[in-house]
Amino acid sequence: MFLIYRNYHSKNLEIYVLSRTYVEEEVKRAGQSLIPYVSVGFFIMLFCSVIGVVVRAYYLKQHSTDKILLALASCILPLLACGTALALMTAMGFRFSSILCVIPLLVLAIGIDSSYLMIHEWQRIIQQCRENPTHENSQIEYRIAEVLSEVGPAIMISALTNMLADAVGAFTSSPEITLLCVGNLLSMAVVFIYQMTFYVGLMSLIGKKEIKAEEKKRKNQLEIEDAKNVEARRIEFTRQVSIHPKKGTEEISKTMWTYVSLIANKFVASFIILLYFTYIVVSIFGITKINIHLSTQKLFPQDSPLLALDKLRVKYQVPHFTMATVFINNPGNFSDHKRLERMNQFVGDMESLHGGWGPVSTKYWIRDFLNFENTDFENFDETSDSEILLNKTILPSPAQVLKETNALVPLYNDEDLPSFMSWPEYSFWNGFIRLRNETTLKANDSRLEKFFFTTAYHGKELSKYVKLGNALNGWRSVVDKYATEFDASIFHEEAVFLDLINNIPIDTLQAVCGAVICIGFVCYIFLNSWFAVTIATVSVLSICTGILGLISWWNVDLDPISMAAMIICVGSSCDLPAHTSFHYYLATVREGPRSDPKVKLANCLSTIAFPAVQAGISMILCVCALLFVNIYMSIVFVKMMFLCVVLCNLHALVIIPAFLVIFDYIRFGFNSKKVHSKEAIVESVPELDNAKNEDSPKNMTNIPI
């Protein structure tokens, strides 16, 4: 049929074909159109990863071709993990859905963040080991252990919170969103396993090669060195120290220290907090204005013929003839007068609902059957055609039958059903009625097994999904009154989508709240600090509030697609806040709770700042590959992931540091004029011991990024 339709061309006639199968095929085609652009996002991510790793390697004088291999592997592993996860889903019996086609890009964009952290920490460990070489730190086991002990817990927190957020979404959402959440959950789990095994293994192999190169270079340097004694610098193996001889290094370190000093300023931090509360107010107002809307047009590709058909359907058919189909699975024997009256009352209740057209729009076979039963077929052959048309006592008109059905004394005879359905004028009712098989028919059983009837409604408001959903609930309330008696159920072609509208706000709230609770639980296990846990969980809640509020200003409706993107964002939004909270907590443990907030903040940002910015840029560019496909689903995912990345980086690098600094000032009453604040920095840096009496912070500008 579709082939004939597509090959037919006429100047005067436009033909559109609509069926449930065709709709499903077009929705599936829309999702599959994203698959070719996974490679585009992959190559964008490869480019960003290689550039970022190579630039930093040159900066630290660690460049080698092996570093490029690490950058490539950081992009390849998420895709391999995604393939493994989707294969597991297939093996477990999960069905394929077009929404699964977006998972590879999401996993690639989210999963690479942990690889960036490992690469960044690996380069920092190498730098420390080169500056203070010992037999112990020349072993690959030592370096790998240092990397995993430093970033492993943060990566574990990130992975668990991502998976728990998806688990919450899988249990609180519609079937399609559940499928997306299960796929993303499995993918993130496999990504974590691959990173902790394959990626660490690759890093070990490359590390062994680098250690051999270091030893060879050190021997060559010893051969050309003068005989005079050179006092080796002893650098405490802590986060805050790494003095680089290069001018470019000093400039970058000064930039980091300037930024830390700016954020740690009480007035600047207070201003940031003021702007933050303004952001919260704007976001909450946006949430109150968000539009809950769903249209099948959002699910189709832009070149789909169903777009034009659906616009015509919504404009002309839906407001004037919206049909409801009621299935009766246990009709019983209508020879019982009371049961037939109850059935007629059921149909009448459906017809009398608001917006109903009444009996004129109803396809209810019993009315024709009663007309058939009241017809005098013995004299039918002797009656002329004119008498048949004029004599309503012999063959009543359909209008009279519709008007007087309830007034007629029902002469329902179950034995006449086969004759009725074989009569030419009534043969079309075969599509509405199912009779029992004669061979299995038992005594006193009705020939009628089940049937359905249809009735229609009108109203301009039915063009809006929310109003149509309310109408559907009204139909269901009537059907529920008779459901037990007749085993009745109602069908509407868009009921699947209409049900989602009513569940979207509740499902979104449940997913966000459940994810925040799970994130708080995981953070408490690793951090064991209510303060750090509160910072991380409130940040996730703040980011989710911002995403929901700002998308309403960006012309994005709250629908199943945006809800699915929101659940993914909930999981990924916890990464950077968790990293910031963890490393600030780690710095507090190392330096002591009363140490200068600048020192702790410098320790924290020196670990996460560069990987966060690198991951944010690459993630945005990666998901932008979806814009090559002009479908609603891709546009929504790009917008929401963009907001998620920007808000995560702002919270991790600006908002959370400002709150942490202000809280430290409030708790311990720090004053920038107090000497112990400066001494806290000097005591943590042995090389700066000679600078205790200096007022200038020039020796404190060597915080690595």
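Counting from 1, the numbers follow the sequence of the chain as shown. Quick caveat: nothing in here was measured; it's all calculated off a predicted structure. Just so you know, these numbers use all the heavy atoms, side chains as well, and skip hydrogens, waters and symmetry mates.
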Side-chain donor or acceptor of Ser335 paired with backbone N/O of Asn413 under 3.5 Å: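 Pair absent, no side-chain N/O of Ser335 close to backbone of Asn413.
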Glu351-Thr362 side chain donor-acceptor pair, cut-off 3.5 Å: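 Result is yes, a qualifying pair exists.
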Any donor-acceptor N/O pair, Asn430 side chain to Ser427 backbone, under 3.5 Å: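 Answer holds: yes.
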Side-chain donor-acceptor pair present, Asp559, Tyr632, cut-off under 3.5 Å: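 Distance-only check passes for Asp559 and Tyr632.
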Lys639 (side chain) donor-acceptor with Val556 (main chain) under 3.5 angstrom: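 Such a contact is absent between Lys639 side chain and Val556 backbone.
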Whether Phe334 and Trp365 hold their rings parallel, tilted or perpendicular, with breakpoints at 30° and 60°: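 Phe334 vs Trp365 ring planes: tilted.
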Partner residues of Lys481 under the salt bridge (Lys or Arg N to Asp or Glu O under 4.0 Å) criterion, sequence neighbours left out: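 With sequence neighbours excluded, Lys481 shows a salt bridge (Lys or Arg N to Asp or Glu O under 4.0 Å) to Asp349, given in chain and number order.
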Derivation and outcome, side-chain contact (heavy atoms from CB on, under 4.5 Å), residues Phe486 and Arg342: CA-CA 10 Å; Phe486 295 106; Arg342 285 286 293 169; 4.0 Å; yes
Spacing of CG belonging to Asn333 relative to CG belonging to Leu340, to within rounding of 0.5 Å: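 Rounded to the nearest 0.5 Å, the CG-CG separation comes out at 10.0 Å.
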Enclosure of Lys363 NZ (heavy-atom neighbours >12, cutoff 6.0 Å):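 No, the 6.0 Å shell around NZ holds no more than 12 heavy atoms from other groups.
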Criterion side-chain contact (heavy atoms from CB on, under 4.5 Å) on Ile561 and Phe637, from CA distance to verdict: CA-CA 8 Å; Ile561 295 175; Phe637 270 97; 4.3 Å; yes
Residue pairs involving residues 456-474 (criterion salt bridge (Lys or Arg N to Asp or Glu O under 4.0 Å); sequence neighbours excluded):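 Non-adjacent pairs meeting salt bridge (Lys or Arg N to Asp or Glu O under 4.0 Å): zero.
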Sidechain-backbone polar pair: Ser562 side chain, Asp557 backbone, donor-acceptor under 3.5 Å: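 Side chain of Ser562 to backbone of Asp557: a pair is present.
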Backbone of Leu448 reached by a side-chain donor or acceptor of Arg436 within 3.5 Å: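 Yes, Arg436 side chain to Leu448 backbone: donor-acceptor pair under 3.5 Å.
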Spacing of Leu86 atom CG and Leu186 atom CG [to the nearest 0.5 Å]: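 If I round to the nearest 0.5 Å, the distance is 8.5 Å.
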CG on Leu100 to CG on Leu179, rounded to 0.5 Å: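 That separation rounds to 4.5 Å.
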Residue pairs fulfilling ring-ring contact (aromatic ring centres under 6.0 Å, His included) with at least one residue in residues 306-329, sequence neighbours excluded: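 Matches after skipping sequence neighbours: Phe327-Phe452.
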Residues, nucleotides or ligands: over 12 heavy atoms within 6.0 Å of Phe521 CZ: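 For Phe521, atom CZ is not crowded (no more than 12 foreign heavy atoms under 6.0 Å).
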Salt bridge flag under 4.0 Å for residues Glu26 and Arg29: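 So Glu26 pairs with Arg29 through a salt bridge.
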Trp423 and Phe372 aromatic ring geometry - parallel, tilted or perpendicular at 30°/60° bounds: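 Because their plane-to-plane angle is over 60°, the rings of Phe372 and Trp423 count as perpendicular.
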Any Pro319 side-chain heavy atom under 4.5 Å of Leu462 side chain: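 Side-chain contact under 4.5 Å: no.
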Short side-chain to backbone donor-acceptor contact, Ser552 and Gly286, under 3.5 Å: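 Yes: the side chain of Ser552 pairs with the backbone of Gly286.
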Separation between CG of Leu643 and OG of Ser283, rounded to the nearest 0.5 Å: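 The CG atom of Leu643 sits 9.5 Å away from the OG atom of Ser283.
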Main-chain N/O of Val629 paired with Ser634 side-chain donor or acceptor, under 3.5 Å: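 Checked: pair present.
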Value rounded to 0.5 Å, distance of CH2 in Trp357 from OG1 in Thr322: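 It is 11.0 Å, given to the nearest 0.5 Å.
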Mutual orientation of the aromatic rings belonging to Phe451 and Phe453 [parallel < 30°, tilted 30-60°, perpendicular > 60°]: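 Rings of Phe451 and Phe453: tilted, as their planes differ by 30° to 60°.
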Point-to-point distance, once rounded to the nearest 0.5 Å, from OG of Ser187 to CD1 of Ile103: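 It is 5.0 Å, given to the nearest 0.5 Å.
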Donor on one side chain, acceptor on other, Asn344 and Tyr364, under 3.5 Å: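 Yes.
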pair His492-Leu468: side-chain heavy atoms closer than 4.5 Å: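 Result yes, sub-4.5 Å side-chain heavy-atom pair found.
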Aromatic centroids of Trp429 and Tyr426 separated by under 6.0 Å: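 No: the rings miss the under 6.0 Å criterion.
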Asp414 side-chain N/O to Arg447 backbone N/O, donor-acceptor pair under 3.5 Å: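 Judged by distance alone, yes, a pair lies under 3.5 Å.
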